[in-house]
Amino acid sequence: MTVNTEIRTIKALVRAPDPLTQSAISGHLGSTAHIEVVSEQRPGPVDVAVVVADRMTVEVTSLLRKIKNNLRVPVVLIPSEIDRSDLFIAVECNVVAVLPRVAATSHRIEEAVQTAAAGGGVLPANLLGELLRQIERMQREVLSPHGLHMSGLTPREIDVLRLMSEGLDTAEIADQMCLSERAVKRVIFGVTQRLNLRNRPHAVAYALRSGVI
């Protein structure tokens with residue numbers, strides 16, 4: 001049997017605040033095996049965006065949101081400085097890797113692009129700790145008081161989806177949870193409508209991806 005060992009080329013878009021930085025990062029990534037820099041003048045498929053910025057200004061945040069909405073790709077952010085208060089905003093904008101500019105060597109940028117393209121993330125230890133604390137505060141102060149999980153699901157919805165994933169039908173779920181069949185259908189309808197899910201299998205898949213079942 002022949003095994004395909006071909007490594008896919010990562011297509012990277014680079015945005016920097018000055019031509020020198022743009023040229024330096026684009027030149028290095030473009031000379032790296034398995035990474036191709038995509039030209040803004042000739043747009044094409046993009047796997048990862050690399051954004052260099054002094055700080056998280058309104059303009060930078062707007063750029064990140066534009067990349068998220070238009071390209072839907074992970075972002076490697078290389079800031080001169082980033083406040084802890086800005087970290088959550090960056091994560092909301094698909095930033096999966098943060099490299100402080102003083103530590104952003106060519107090798108680290110290359111590794112961050114490869115990690116982002118593979119679905120991973122890179123954060124300095126202090127920023128990772130702050131992100132975890134912010135998530136914990138959100139769960140404690142915003143979601144839990146409203147009976148919600150980080151996935152956007154309530155405990156009852158999670159229970160229904162877990163039983164669905166085990167192959168139970170509406171009547172069996174109702175019996176297991178001491179609910180009426182109509183109540184179970186309302187739960188499922190509420191989940192699919194609120195989260196824009198197509199059907200029951202899609203709802204179960206969402207719960208699996210979210211790690212709640």
Side-chain angles (χ1 to χ4, degrees), residues 1-13 38 43-49 64-76 87-97 112-123 128 131-132 134-213:
M1 180 179 66
T2 301
V3 179
N4 184 6
T5 59
E6 182 180 353
I7 300 176
R8 181 177 66 90
T9 297
I10 299 168
K11 297 183 182 296
L13 174 70
V38 176
V46 177
D47 299 307
V48 178
L64 292 174
R65 293 194 189 283
K66 182 178 179 181
I67 291 173
K68 175 183 177 180
N69 293 333
N70 295 344
L71 300 180
R72 303 181 184 277
V73 296
V75 177
V76 175
L87 182 59
F88 214 73
I89 296 174
V91 172
E92 288 178 345
C93 294
N94 277 11
V95 172
V96 300
V113 168
Q114 293 171 339
T115 300
V122 179
L123 284 177
L128 177 59
L131 179 60
L132 293 173
Q134 288 192 31
I135 291 173
E136 189 276 330
R137 281 197 296 271
M138 177 180 287
Q139 179 68 54
R140 183 182 69 250
E141 298 174 8
V142 179
L143 299 178
S144 292
H146 294 87
L148 292 174
H149 182 271
M150 284 296 295
S151 63
L153 299 168
T154 67
R156 173 175 285 188
E157 290 168 344
I158 292 172
D159 287 341
V160 169
L161 292 172
R162 176 178 54 79
L163 293 173
M164 284 173 55
S165 72
E166 294 173 0
L168 277 65
D169 60 23
T170 302
E172 291 169 326
I173 294 172
D175 184 59
Q176 286 270 350
M177 297 185 63
C178 299
L179 298 172
S180 68
E181 291 187 39
R182 178 173 295 180
V184 172
K185 290 178 180 178
R186 279 201 303 268
V187 170
I188 297 169
F189 178 79
V191 170
T192 55
Q193 290 296 302
R194 189 175 72 253
L195 299 177
N196 295 317
L197 303 171
R198 293 187 299 274
N199 47 39
R200 294 187 178 200
H202 193 192
V204 171
Y206 175 88
L208 287 168
R209 288 196 304 269
S210 301
V212 296
I213 63 173

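Heads up: numbering here begins at 1 and tracks the sequence.
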Stepwise side-chain contact (heavy atoms from CB on, under 4.5 Å) test for Gln176 and Leu168: CA-CA 9 Å; Gln176 286 270 350; Leu168 277 65; 3.7 Å; yes
So, taking the atom named [atom1] in [X] and the one named [atom2] in [Y], what distance separates them when rounded to the nearest 0.5 Å?
| X | Y | atom1 | atom2 | value |
| --- | --- | --- | --- | --- |
| Tyr206 | Thr192 | OH | OG1 | 12.5 Å |
| Leu153 | Leu195 | CG | CG | 6.0 Å |
| Asp159 | Thr154 | CG | OG1 | 8.5 Å |
| Ile10 | Thr115 | CD1 | OG1 | 9.0 Å |

Sequence neighbours excluded - salt bridge (charged side-chain N to carboxylate O under 4.0 Å, His left out) pairs with any residue from residues 164-178: Arg162-Glu166
Nearest heavy-atom neighbours spanning [X] and [Y]:
| X | Y | answer |
| --- | --- | --- |
| Ile67 | Ala49 | CG2-CB, 4.0 Å |
| Arg65 | Cys93 | CG-SG, 3.6 Å |
| Pro74 | Val96 | CB-CG2, 3.7 Å |
| His202 | Asn196 | CE1-O, 4.3 Å |
| Ala117 | Arg8 | O-NH2, 4.3 Å |

Test item: Lys68 side-chain N/O and Val75 main-chain N/O as donor-acceptor pair under 3.5 Å: no
Evaluation steps, side-chain contact (heavy atoms from CB on, under 4.5 Å), between Asn94 and Val73: CA-CA 7 Å; Asn94 277 11; Val73 296; over 6 Å; no
Verdict with reasoning, Arg186 to Ser180, per side chain to side chain donor-acceptor pair (under 3.5 Å): CA-CA 10 Å; Arg186 279 201 303 268; Ser180 68; 5.1 Å; no
Side chain to side chain donor-acceptor pair (under 3.5 Å) involving Lys185 - partner list, sequence neighbours excluded: none
